[in-house]
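Here the structure is laid out as structure tokens; the discussion comes afterwards.
In each ligand, atom 1 is the first atom listed, and ligand 1 is the first ligand listed. Note that the coordinates shown come from a computational prediction; the quantities given were computed from them, not determined experimentally. Values below: every heavy atom of this structure, side chains too, minus hydrogens, waters and symmetry copies.
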Amino acid sequence: MADRPTSHASTVRSLVLIAVVVVALVSAFAFTAGWLSRGRLTPAMIVNALAPPGGPALGHRRNHAKGICFTGSFESNGAAAALSKAPMFAPGSFLVTGRFNLATADPNAPDATVRVRGLGLRIVAPDGSEWRSAMINAPVFPVATPEAFYALLQASADKSDPDAMKNFAAAHPEFGAFVAWAGSGPWTGSYAQERYNSLNSFIFTNAAGQDQAVRWSFVPAASPEAVSVDQLKERGADFLAADITQRVHSAPQRWTLVVTVANPGDPSADPSKAWPEDRRKVEAGSLVVDAIEPEVDGPCRDLNFDPTVLPSGMRVSDDPFPAARSAAYSVSFDRRTAEDKYYPHHPAGGATP
Ligand code: HEM
């Protein structure tokens, strides 16, 4: 059968349509990858900015690089089931793998030189679902957005401009609350005496489908004892690991999980702003640390404490940090695991760059 003019026109129309679809798809991918928005902050940029002047410590976490593993349990008392249907809020005991750590990119930094201490936790439910969290002892985060965190990293690395930090602080007034804590809050001599705060806000959903914006903290059973930085320096570069190993060897160490519920209007999208002290608090149970293990070849080394790994009954809120953190932690995890040959697997041997 001979071609009719209408069928030729319809072939051209089809080809044009296919071309339009292809261009639209390529543009969508390019947009998602950030190729069309020059200057957009990417996870790789933020991870690169964490590196010290001499380059990153290959094989190690790109932040919170110094740490020690532990295992234990979360003993849930059932009280938080009213807030979230997460399986680990039913009464019972749930397996925990965790990591005490210091907020530094240097795995060999002396303990007394690092102000911020952290806790990485993975709580596993019998159905295999997990709640991962990475918290710090500061009561507020230094900045309000991931972009401001990047700007802070750049300002603190900028040796060419003596006013870089002053200018950063002037442009980010929220930084003041963190600086005040860092300057006047007491230091302690033990990971066991620290309170670890989620700072980021999440949404809990209970079995009735009710949503609540929350933050959480692990509050130590051990009373904090203030120690001066000079005294801490005298305890040696690695006193925190020695201290927690000895304490846990003597007796399990405990923290109470306190969930704080937001009032309507509390700033859930900004971890640099504390919520008022009078907010409703629910004590959900205890973290019990039973055994300390070195990080080298320990159970936490290859764990990524990605704060967006959440069980049902928990989800991220309008806080932009967890998504930004998830993307950055994934870049850090991919790099450090690909650099495995540089990691000092056996303390006596191994290649350290
Ligand atoms: C945009 C902001 C942030 C960036 C880019 C960032 C970046 C990183 C990176 C790259 C790691 C190493 C991840 C790995 O290799 O497994 C890390 C670890 C960690 N971060 Fe963040 N972080 C941010 C915000 C926060 C916040 C808000 C907190 C706490 C409230 C926090 C607490 C921690 C802790 C405790 C660890 C160590 C976890 C572990 O032991 O693996 N970070 N961070």
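- The option with the heavy atom closest to atom 30 (C) of ligand 1, from among P56, A103, A148, S198, is S198.
- At a heavy-atom distance under 4.0 Å, only side-chain atoms of L50, from C-beta outward, approach ligand 1.
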For D238 and K66, what are the C-alpha separation, side-chain angles and deciding distance, and is it a salt bridge (charged side-chain N to carboxylate O under 4.0 Å, His left out)? CA-CA 10 Å; D238 304 315; K66 188 174 187 182; 2.7 Å; yes
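- Given atom 4 (C) of ligand 1, the protein heavy atom at minimum distance is F149 CE2, 3.6 Å.
- Classified by interplanar angle (parallel below 30°, tilted 30° to 60°, perpendicular above 60°), the ring pair F100/Y191 is parallel.
- Considering only non-hydrogen protein atoms, atom 37 (C) of ligand 1 sits nearest to H64 CB, 3.3 Å.
- For the residue pair S198 and N200, no side-chain donor N or O sits within less than 3.5 Å of a side-chain acceptor on the partner.
- Between R301 and E295 there is no salt bridge, since no side-chain nitrogen of the basic residue lies less than 4.0 Å from a carboxylate oxygen of the acidic one.
- M135 and F74 fall within the same hydrophobic cluster, defined by Ile, Leu, Val, Met, Phe, Trp and Tyr side-chain heavy atoms under 4.5 Å apart, directly or through other members.
- Set against the non-hydrogen atoms of F321, the atoms of ligand 1 under 4.0 Å away are 1 (C), 2 (C).
- Between R315 and T308, the side chains place no donor N or O within less than 3.5 Å of an acceptor N or O (distance only, hydrogens not considered).
- Counting only heavy atoms of the protein, atom 41 (O) of ligand 1 lies nearest to R61 NE, 2.5 Å.
- Ion pairing of K273 with E174 is absent here, as no side-chain N (NZ or NE/NH1/NH2) approaches a carboxylate O to less than 4.0 Å.
- Below 4.0 Å from some heavy atom of N200 lie the following atoms of ligand 1, by number and element: 27 (C).
- Under the 4.5 Å side-chain heavy-atom criterion for grouping Ile, Leu, Val, Met, Phe, Trp and Tyr, V116 is connected to F168 within one hydrophobic cluster.
- Summarising the contacts of atom 43 (N) of ligand 1 with Y196, Y329, Y150, the nearest heavy atom is found in Y329.
- Taking atom 29 (C) of ligand 1 as the reference point, the nearest protein heavy-atom neighbour is A134 O, 3.5 Å.
- Protein heavy atom in closest approach to atom 40 (O) of ligand 1: R99 NH1, 2.6 Å.
- Comparing C300, A323, S332 by heavy-atom distance to atom 15 (O) of ligand 1, the nearest is S332.
- Of the candidates R336, R62, R325, M135, the one placing a heavy atom closest to atom 28 (C) of ligand 1 is R325.
- Between D243 and R235, none of the side-chain N atoms (NZ, or NE/NH1/NH2) sits under 4.0 Å from a carboxylate O, so this pair counts as no salt bridge.
- Closest to atom 38 (C) of ligand 1 among all protein heavy atoms lies N101 ND2, 3.9 Å.
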